[in-house]
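Below, chain A is the first sequence line, B the second, and so on; all start at residue 1.
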Amino acid sequence: MMKSRASSHLLILLAVTALTALAHYAVHYGALIRGYETSWMSGARNVGLIAILALLPPIFSFLFKFRGNWSIYTACVILFSIGLTAQYRLFSDPEYALRGPERAQARLDKTKTMQLHYVRQVYDADKKAMLGLPPTPPSPVDISQEIRRPVVEDADAVLKSGRTVAPLIAIVGLILAFALMRYERLLELVRNNGFLIVLFTVGLLILAAVFSTAGKFLGEMTPWEPSKIPFLIGFAAVLAALYRNLARTYWGLPSGRDVVPLVFMAVLPFLPFFLLKDFGQMMVFSGVYITLFAIAVRRFAQRFVLIGGVVLIFSILVVGALPVNVQEKIPLLPTVAKPVKEILPDRIQQRFHLWLDGFNPPSPETTWWKKDYDRYYAELVRRNPKLPALVEANPSLKKSINVDAWFDNLAFQPAQATFGLNAGGITGRGIGLGYVEGIPVADSDYIYAAIGEELGLVGGLLVTLSLLVLVAGGVRIAIDARDMFSKLCAAGLTAFLGFQALVNIGGITRALPMTGITLPFVSHGGFSLITSFVMLGMLMALSHRNWVDRQLAADLREGRIFTEDMEEKE
Amino acid sequence: MILTDIESFVAIAMITFEDIFGGQVLERIPAALSILYLIAIGVVIFFLISSLRGAFARPDPLEEDLPTGVASRITQAVTNRSLRIWRVVFFVLAFTVFGLHVYWTLIAADTNEQFQNLTYKDSRQRRANVASLRGWMLDRTGTLENALASYEIEGNRGLTRKYRFDSAFSHLLGTERGSAGLERVLYGGSIDPMPSAVEVLTTIRRQEDYSQDVRTTLHGELQRFVAEKMAGKKGAVVVMDPQTGDVLAMYSGPSYKLSEARTQDGYLELEADRRNKPLLNRATREYYVPGSTFKAFTMIAAFRANKQGAIFPSSAGGYLAARGARPIRDSNGGCAAPYGCAPLDLSQAFAVSSNQYFARMAVELGGERLGKTAELLGIGAYDTPAEALRSNLFSDIWNSDNDRLRGALAVERSAMVTGKSASRYDLALQGIGQGYAGQMTPLQMALIISAIGNMDGRLMKPKIEYGIEPRVFSDVLAPFQAARAREIMALVTEGAGGTGGRAFGAVRSAGIRTGGKTGTAEKDVVAFDSSGRMQTVKKRRRGANGKWETYDAPRMVRRVDSWYVSLAPIERPRLAIAVVVESGGYGSVTAGPIAADIVLKARDLGLLRNNGGRR
């Protein structure tokens, strides 16, 4: 049995560092098989990052006298290690990194290399002669004898790249968050000004939303990720102040004085995210707020109303977006679904169709699909002017064009991801041996698909288990916490990380509609990675506080210190 | 001394490294490393979980000192209970999400039909196939030069698939989309182009058994010759070896260029051409009215019932199968030449293709006997016309252990109606290849005569893979009966008034004895105009509301198809040939000469020689 001690976790984390190096070597070797090379510097940078994280336990013990639980930290580092490996695999691949004709050329180069390896290994002299190659018997390929195509290493670029800077800021953020959250005074201040914090954050966010385009700000950034933390603190503070009052009911209803601020605080964060059309974050937020509410509220009826209400809204949405052929199987459903369908925005209908019926292309007449279909069809007609006549002569042709259009456009990414999961099997194709470069944005939103393809079900299970370790540890911190505010904070942080991961993974395994949010600690990201690490730092601080509290309680009980000392200390 | 110790240690270490990771397959090293990574991370997570187990078991800080009744009611305890419930809910959600991962990985490929049908949209399948190169497809000569499908290095584009005979083999090799052909079924099953990491480590030995070449029974040159003969014609040709079931050639015209079908535009255009239906494999998937060639079937049934000695009269008024039925006359409107309206025996009737004789024979034999013969020959014998009209793919006729291959080559099952609902007139018509027997595929006709051509009177299952053992589909005739039937078939080319005599003159003078049967069959088909659109005529019908309404019905035109089936050489047939040419007119004029040319070409290619044993 392992004790949650810094020294043992140091050992584990050093092992994880070594494993990360090993996995990066696998990526490197896989690249050689396909005729390109990986950057040594980026690899060293990644291993270095894990090494820094591995060395934090002794530093924390020494600097902060940290005695909290290390398990959640280690679980997060494992997630980070898996993520860095998957990202290294993707970003090294010229086919993934490049765009346009260069990308096609990179793909061709890879294919040629693999074909020639195959021919060399398998074809006998006669066949090689027929291909016009030197007639040698089948022989193993010696990678070291191949022509090298080293990557141009640029230390400056690697150091300045976001992939170095963001994790470093994240680590600093983790340390800062931990250091700050230890102070009771600060917590007190935050708790008493929850409402102001939330208002201020909303103001900033709405500004950002106004200047954003397509849910992105200044290029590919999502600076609203960190806003989760003030929102959470604010909501937890209000809830901690009001939860007792909610239990006092008049004819079964709590007083409006208590309900209105709560509802107001709960709705506020949804406004900017609605403006940003970030439905993924909205889903995560609703999950977290329901969690906090369900934990804080003591009356069953109130819990029932809230959770039931959210479930109802969600199922109405689902019913509205269910594919027509499914609706027709259930009596009355089409009647219910029709008005809902008319209200639902196209974007949501499209996401829901991709989720529930993604392998079945919608009819080209569907409002949200017509535009894309027409564009695709126009492109086909441009290439082949005879097409409209052909379609007229043979209506079934339209159907096969629709299938092509669907799977080359909207359904391309999710379908390729699902094929990726399928190709992975139980143990995966092996690091560097899959075709993850074919999935668009596999480094962030779709990284779970990349892991599923190259590390298989087992890889997915390891990610899920790490997540569960994190959640179980976080819940434990909440249970051990002494006051409602820190309980809610711990539970909220855990729920944020947990639900975000579920929404992301669920989007890929088609348990939920796909929304563009990242997998915490695993996905490539700037602000989202920093936010995740800061949240981890806060959780660790709360864990540390619990230990301090427990220690105090034990000392009090055993008469080592007295209440007067406590007051002095305060 | 120490130095050598270190050296030998390093050497031993290297050997173990080689043993574990192996040198043959490059992919082994990353595969082994990734498995190692998975296992080690798994162990770490196991430690983490076990370290948390203590935390799970630990009681809440407050509850330690308070009596349980009190503890369960205070706020903190309520909150903690909620937290525990939430934790359970979260675990359930997480495993549901992961469960769907399991579904897509392990279950969907077997059960989800939509998912299966779309695998051609999987970009990695294509990538893997291109990278790990399919095997070469060799013809029956087994030489690399004659490979039906091979590779060539095309400039800067790497290795590309090369089809030496291209459009001659299109239907057999098949396209990458739509229904599968040999290209997709011969290589997919045996070796996974995308092995898992574990398979890379355990099963794949690239050098020893990685050659995926397949030698087929097809003959490239013969098929090309057939394609040339059929150029510009619609129809199909099947050439097979009646002794072994080897399919030597199977061509459907019009064909298409495989390179054309590879592009999306090209494929869509082929798919849209409803007038010519180039993607349709007419040899296995199109029904034709067999006409007189089907008399070979009736002859087999007669032999099986021991009625080969039957002598029937013929009359100028034709044969009346039942009172009030239309009389069945011979093709010249009365009695077939040269015997005139004299009583005929089986051999005479066959040589001159007497409709009266075979119609009467079918009625004499009765539905049950005809049905039994049909089943032995792979034809579906049904009780009612409705059942016979239903499309029914028949894959078990093929001799192959590869399910996917049998599925890809599956024939549209030929059909007859021989049950109680078939009247005497229906049977009479079927006896001469008309009526309900008008649903025969060219391959089916080749199979019927190959049963006669087989020295043991057996129907051999047709096969495409060269290496597998011949298998018997059914025992149709006794050897002596088959021999007698062959002699009767020879009369068509050799006897007085034989309908195939003229077409096979050159073959006869080359010293090759053959047997055969001509056929000329009318079929009503939908008409198309020159731009490929279906032609329609206005027709009136009573609508759903009881009122008369006009509607567009397809305009039908009568097409006369030309048939010839042949066995060569007749002493010990190596070829069973079925030729059908749509709108070809008389069998002896269009199809017969093509069959004769095929026999001569086969002789030139050495395919008529008997190579001793029974192969």
Using a cut-off of under 4.5 Å on heavy-atom pairs, state which of [options] scores highest against chain B.
options: A:H28, A:E453, A:R244; result: A:E453
options: A:L433, A:L380, A:T74, A:T111; result: A:L433
options: A:D483, A:T418, A:I505; result: A:T418
options: A:G358, A:G432, A:A478; result: A:A478
options: A:S81, A:G452, A:G434, A:G459; result: A:S81
options: A:G420, A:A553, A:G132, A:A15; result: A:G420

So do [Y] and [X] actually touch side chain to side chain, heavy atoms under 4.5 Å?
X: A:V436; Y: B:R124; result: no
X: A:K127; Y: B:Y151; result: no
X: A:L133; Y: B:I153; result: yes
X: B:F90; Y: A:T494; result: no
X: A:L387; Y: B:E269; result: no
X: A:S400; Y: B:E271; result: yes
X: B:T105; Y: A:I426; result: no
X: A:Y29; Y: B:L33; result: no

| request: State yes or no: are the ring centers of A:W70 and B:F47 separated by less than 6.0 Å? | output: no
Looking only at heavy atoms, which two atoms of [X] and [Y] are closest? And how far apart?
X: A:L502; Y: B:A94; answer: CD2-CA, 3.6 Å
X: A:A472; Y: B:R87; answer: CA-CD, 4.1 Å
X: B:A272; Y: A:L397; answer: CB-CD2, 3.7 Å
X: B:P30; Y: A:I33; answer: CG-CD1, 4.0 Å
X: A:T509; Y: B:W104; answer: O-NE1, 3.0 Å
X: A:L462; Y: B:G42; answer: CD2-CA, 3.6 Å

Heavy-atom contact with chain B under 4.5 Å, split by part of [X]:
X: A:N546; answer: neither
X: A:Y243; answer: side chain
X: A:A294; answer: backbone

Just so I understand: if I count every heavy-atom pair under 4.5 Å between each of [options] and chain A, which residue has the most?
options: B:R274, B:R275, B:R127, B:E152; result: B:R127
options: B:I35, B:L133, B:V89; result: B:L133
options: B:I85, B:L144, B:L93, B:I41; result: B:L144

Please report the interatomic distance [atom1]([X]) to [atom2]([Y]), rounded to the nearest 0.5 Å.
X: A:L461; Y: B:F98; atom1: CG; atom2: CZ; result: 4.0 Å
X: A:T427; Y: B:L201; atom1: OG1; atom2: CG; result: 8.5 Å
X: A:I479; Y: B:R81; atom1: CD1; atom2: CZ; result: 12.0 Å
X: A:R429; Y: B:E27; atom1: CZ; atom2: CD; result: 8.5 Å
X: B:F95; Y: A:L465; atom1: CZ; atom2: CG; result: 5.5 Å
X: A:I82; Y: B:Y37; atom1: CD1; atom2: OH; result: 5.0 Å

| What do the steps show when you test A:N422 against B:D122 for side-chain contact (heavy atoms from CB on, under 4.5 Å), and what is the final call? | CA-CA 10 Å; A:N422 185 260; B:D122 185 356; over 6 Å; no
| Please walk me through it: do A:L457 and B:H101 pass side-chain contact (heavy atoms from CB on, under 4.5 Å)? | CA-CA 7 Å; A:L457 264 181; B:H101 184 180; 3.8 Å; yes
| message | Working note: B:L83 + A:R476, criterion side-chain contact (heavy atoms from CB on, under 4.5 Å); need CA distance, chi angles, decisive distance, verdict. | response | CA-CA 9 Å; B:L83 277 167; A:R476 187 68 227 177; over 6 Å; no
| Is the closest side-chain donor-acceptor distance between B:S123 and A:Q416 under 3.5 Å? | yes
| field | Side-chain donor-acceptor contact under 3.5 Å, A:T291 with B:W86 | value | yes
| query | In this structure, which one of A:L22, A:L455, A:V27, A:T85 forms a side-chain contact (heavy atoms from CB on, under 4.5 Å) with B:S34? | reply | A:L455
